[in-house]
Protein chains: 2
Amino acid sequence: MAILGLLREGPMHGYELKQRLVDLGFWRISFGSVYPALRRLERARFIEVSPGSGRRKEYRITAEGKEHFQQILEDEASEVENTSAFRVRLAFFKYMNPETRIDFLERRKTVLRERIASARTSLRRTADRVDRYTQSLMEHGVRSAEADVAWLDELIASERTQDGAPGAEKI
Amino acid sequence: MAILGLLREGPMHGYELKQRLVDLGFWRISFGSVYPALRRLERARFIEVSPGSGRRKEYRITAEGKEHFQQILEDEASEVENTSAFRVRLAFFKYMNPETRIDFLERRKTVLRERIASARTSLRRTADRVDRYTQSLMEHGVRSAEADVAWLDELIASERTQDGAPGAEKI
DNA sequence: CATCGTTATATCGGGTCGATATAGCGATGT
DNA sequence: ACATCGCTATATCGACCCGATATAACGATG
């Protein structure tokens, strides 16, 4: 999905795609994921290949590819539990129907809130049994999730005020 | 490694192990990882199985298992780029040689600092080309990483003052 | 023009994930 | 008494991802 999204901006070769994925925060994406994914997308006729300069291969998205991308992006039941899947969809939010954007963000927020609640419960439950390192780890997990929720609130707020310039409220 | 660490605390069955892994922040750990892992550990003689109550199977760590756990925990070249691997080691920090703990935390900090730097670079490089959502995503990534660094600083500080009570400096 | 670091494509084995199957268990309702 | 529901519990499968590795051309430095 991320590859299709990036190729919507314009044709690219594999190595460049990988770099752009790293830029989006997928630090550890591997060539062992990228190249097989490109072959799968080609087989499915969602992308096309043509020789670029040197030994490069230029990948271009097809009409079917755009259609498929839109379909999985707009899918109402779109994954919101999976952090990576969430981040990919957010990176291509501009292509998402504005009406479903807020719903999508709210659903992510619900998931995080649930995790925070259950993490707090297990912290209380195990407070006396686990060592200070484990406890610090769990507490940091809660704080991170809370920061994520605050960020989602920013995004939702700027999405509601239509003009929407997230970053205007930036710290 | 996480399974061996948890079994050091006492015998457990598979389902319970999975729950404890979730408690440690591995929200999405799957049974398709847990049960095959238990079989591999059994084959390697790092754990032993005995029938528990009902249809449960109780897993126990062996002497070889403890030895192996200690070895991969203390391994100087221990993975610090991989967030999951880092978190597992931190969860079992009490078993790690105190001299190597600070080094381990510092190395993780270096990795995060490098990521922050490269993320800032790619933010500056792409600031005018990418849309506001992508930008917010990248900015949030940087803020999260910075929060992680601050947390590591807390852990390092409390580790240096021997008595070490992380959470004493808690916000 | 040798050498080194970067760009670039590709594959492989071992492992993870999400879905699914199966079934016993305890509680709640009628 | 017993149906049914949700939770506990073990297990497997296909599709896929990751890290290591192979290969080679390219550009810059000396």
Side-chain angles (χ1 to χ4, degrees), chain A residues 1-4 6 11-44 46-59 72 75 77-88 111 118 121, chain B residues 1-4 6 11-44 46-47 49-59 72 75 77-88 111 118 121-122:
Chain A
M1 174 173 175
I3 288 172
L4 290 178
L6 286 171
M12 258 179 253
H13 56 273
Y15 196 84
E16 196 181 353
L17 275 164
K18 198 232 174 195
Q19 285 177 313
R20 299 276 275 116
L21 288 169
V22 170
D23 285 350
L24 290 182
F26 301 96
W27 313 106
R28 296 168 66 68
I29 189 76
S30 150
F31 288 117
S33 308
V34 174
Y35 288 111
L38 286 169
R39 248 180 296 123
R40 286 196 302 276
L41 290 168
E42 196 193 347
R43 260 206 319 264
F46 293 148
I47 63 173
E48 279 171 349
V49 198
S50 58
S53 66
R55 96 213 90 105
R56 287 183 189 171
K57 290 185 179 179
E58 267 218 332
Y59 295 95
I72 54 180
D75 180 13
S78 65
E79 185 69 271
V80 94
E81 314 244 334
N82 184 318
T83 304
S84 293
F86 167 77
R87 290 167 61 81
V88 173
V111 167
S118 86
T121 304
Chain B
M1 175 173 175
I3 288 172
L4 290 178
L6 286 170
M12 260 179 249
H13 56 273
Y15 196 86
E16 197 180 352
L17 275 164
K18 199 232 173 197
Q19 286 178 313
R20 299 276 275 116
L21 288 170
V22 170
D23 285 350
L24 291 182
F26 302 96
W27 310 106
R28 296 169 66 68
I29 189 76
S30 150
F31 288 117
S33 307
V34 174
Y35 289 111
L38 285 169
R39 247 180 297 121
R40 284 197 303 276
L41 289 168
E42 196 193 348
R43 259 207 319 263
F46 293 148
I47 63 173
V49 198
S50 58
S53 65
R55 102 212 87 104
R56 286 183 189 173
K57 290 184 179 180
E58 267 219 332
Y59 295 95
I72 53 180
D75 180 12
S78 65
E79 184 69 271
V80 94
E81 313 246 333
N82 184 317
T83 305
S84 293
F86 167 77
R87 290 167 61 82
V88 172
V111 167
S118 85
T121 303
S122 84

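What you are looking at is a predicted structure, and each value in this text was computed from that prediction instead of being measured. Lettering of chains follows the sequences in order, A, B, ..., and the numbering in each one begins at 1.
Heavy-atom nearest nucleotides on DNA chain D were determined for Arg28(A) and for Arg55(A), and the one closer to the 5' end corresponds to Arg28(A).
Taking atom OH of residue Tyr15(A) and atom P of nucleotide dA24(D), one finds them 18 Å apart after rounding to whole Å. Glu79(B) places its CD atom 13 Å from the P atom of dC18(D), with the value rounded to the nearest Å. The CZ atom of Phe31(A) sits 11 Å away from the C1' atom of dT6(C) (whole-angstrom rounding). Rounded to whole angstrom, the span from the CE atom of Met1(A) across to the P atom of dC16(D) amounts to 16 Å. Look at CE on Met12(B): it is 17 Å from C1' on dT10(D), rounded to the nearest Å. Remark: P of dT16(C) and CG of Leu38(B) are 11 Å apart, rounded to the nearest angstrom. Atoms CG (Leu21(A)) and P (dC17(D)) sit 11 Å apart, rounded to a whole Å. Atom CD in Glu42(B) sits roughly 14 Å away from atom C1' in dA11(D) (whole-Å rounding).
Using a 4.0 Å heavy-atom cutoff across all strands shown, Phe26(A) reaches no nucleic acid atom at all. When heavy atoms are screened at a 4.0 angstrom cut-off, Gly14(A) is found touching the sugar-phosphate backbone but no base atom.
Checking the phosphate oxygens (OP1, OP2) of dA10(C), no side-chain nitrogen or oxygen of Tyr35(A) falls inside 4.0 Å. In this model, the phosphate group of dC16(D) is not approached by any side-chain N or O of Arg39(A) to a distance below 4.0 Å at OP1 or OP2. Not one side-chain nitrogen or oxygen of Arg56(A) sits closer than 4.0 Å to the OP1 or OP2 atom of dT7(C). Asn82(A) has a side-chain polar atom (N or O) that falls below the 4.0 Å cut-off from OP1 or OP2 of dG18(C). Note on Ser33(A): a side-chain N or O is less than 4.0 Å away from OP1 or OP2 of dC18(D).
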Show, in sequence, the C-alpha distance, side-chain angles and deciding distance for Leu38(B) and Val49(B), and conclude whether the side-chain contact (heavy atoms from CB on, under 4.5 Å) test is met. CA-CA 9 Å; Leu38(B) 285 169; Val49(B) 198; over 6 Å; no

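Listed nucleotides dA25(D), dA11(D), dC17(C) differ in distance to Lys57(B); the shortest reach to its side chain belongs to dA11(D).
Here the side chains of Arg87(B) and Thr83(B) are in contact, with some heavy-atom distance below 4.5 Å. Phe26(A) is listed as a side-chain neighbour of Val88(A), based on a closest heavy-atom distance under 4.5 Å.
Asp23(B) CG to Lys18(B) NZ: the interatomic distance, rounded to the nearest 0.5 Å, is 11.0 Å. Between the CD1 atom of Ile29(B) and the CD1 atom of Ile3(B) there is a distance of 7.5 Å, given to the nearest 0.5 Å.
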